[in-house]
Amino acid sequence: MFARDTDDQLLRRLRRAAAAANATTRRDDRRRLLALESEISALRAAVIARRDRVLAEIAGARTRSGAVTAYARCAALAPRTAARPTTAKTART
């Protein structure tokens, strides 16, 4: 299962729990409301943790991209020397 599928599933669960909490009435059992609140809190914490992991991955990608750019700039600044042809005649001299 891909991370995106897991993310989508997590958000669907959060929406379902929030919709169930919004659909409650005054006559609903207090235990049910507390369970919904607990589930929403747990799902929210999971979404926040996933967000933090994605942000860390983005920061790492940004760092790697900067390193590649710096390497390319340095390589472009290096003096270019003409390579000597290596043929049979020049190899003997």
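Positions are given from 1, in the same order as the sequence printed here.
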>> Could you work out, with side-chain hydrogen bond (donor to acceptor under 3.5 Å, both in side chains) as the rule, every residue matching Arg30, not counting sequence neighbours?
In response: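 Testing Arg30 for side-chain hydrogen bond (donor to acceptor under 3.5 Å, both in side chains), a comparison that skips the adjacent residues, returns none.
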> Arg16: what forms a salt bridge (charged side-chain N to carboxylate O under 4.0 Å, His left out) with it, not counting sequence neighbours?
Replying inline: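 Partners of Arg16 under the salt bridge (charged side-chain N to carboxylate O under 4.0 Å, His left out) test: none.
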> Got a sec, which residues hit salt bridge (charged side-chain N to carboxylate O under 4.0 Å, His left out) with Arg31, two or more places apart in sequence or on another chain?
Replying inline: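 For Arg31, the residues satisfying salt bridge (charged side-chain N to carboxylate O under 4.0 Å, His left out) (neighbours in sequence not counted) are Asp29.
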> With clusters built from Ile, Leu, Val, Met, Phe, Trp and Tyr whose side-chain heavy atoms come within less than 4.5 Å, directly or transitively, what are the remaining members of the cluster of Ile58, listed by chain and number?
Replying inline: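 The other cluster members (ILVMFWY side chains, heavy atoms under 4.5 Å, direct or chained) are Val54.
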> Members other than Leu36 in its cluster, when Ile, Leu, Val, Met, Phe, Trp, Tyr link by side-chain heavy atoms under 4.5 Å?
Replying inline: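 None, because no other hydrophobic side chain comes under 4.5 Å of this residue.
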> Among all residues two or more places apart in sequence or in another chain, which pass the side chain to side chain contact (heavy atoms under 4.5 Å, CB included) test with Thr69?
Replying inline: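 Side chain to side chain contact (heavy atoms under 4.5 Å, CB included) check on Thr69 returns Ser65, Arg73.
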> Quick one: side chain to side chain contact (heavy atoms under 4.5 Å, CB included) partners of Leu11, sequence neighbours excluded?
Replying inline: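 Side chain to side chain contact (heavy atoms under 4.5 Å, CB included) check on Leu11 returns Arg15, Val47.
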> Ala17 and Leu43: which non-hydrogen atoms are nearest, and at how many Å?
Replying inline: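 The pair with the smallest heavy-atom distance is CB-CD1, 4.2 Å.
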>> By the salt bridge (charged side-chain N to carboxylate O under 4.0 Å, His left out) test, which pairs, at least two apart or in different chains, include something from residues 32-55?
In response: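 Checked against salt bridge (charged side-chain N to carboxylate O under 4.0 Å, His left out) - neighbours excluded - the pairs reaching residues 32-55 are Asp7-Arg50, Asp28-Arg32.
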> Out of curiosity, Leu10 CG to Leu14 CG, how far, rounded to the nearest 0.5 Å?
Replying inline: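 CG of Leu14 is found 7.0 Å from CG of Leu10.
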>> Show every side chain to side chain donor-acceptor pair (under 3.5 Å) that has at least one partner inside residues 55-64, sequence neighbours left out.
In response: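 For residues 55-64, and leaving out neighbouring residues, there are no side chain to side chain donor-acceptor pair (under 3.5 Å) pairs at all.
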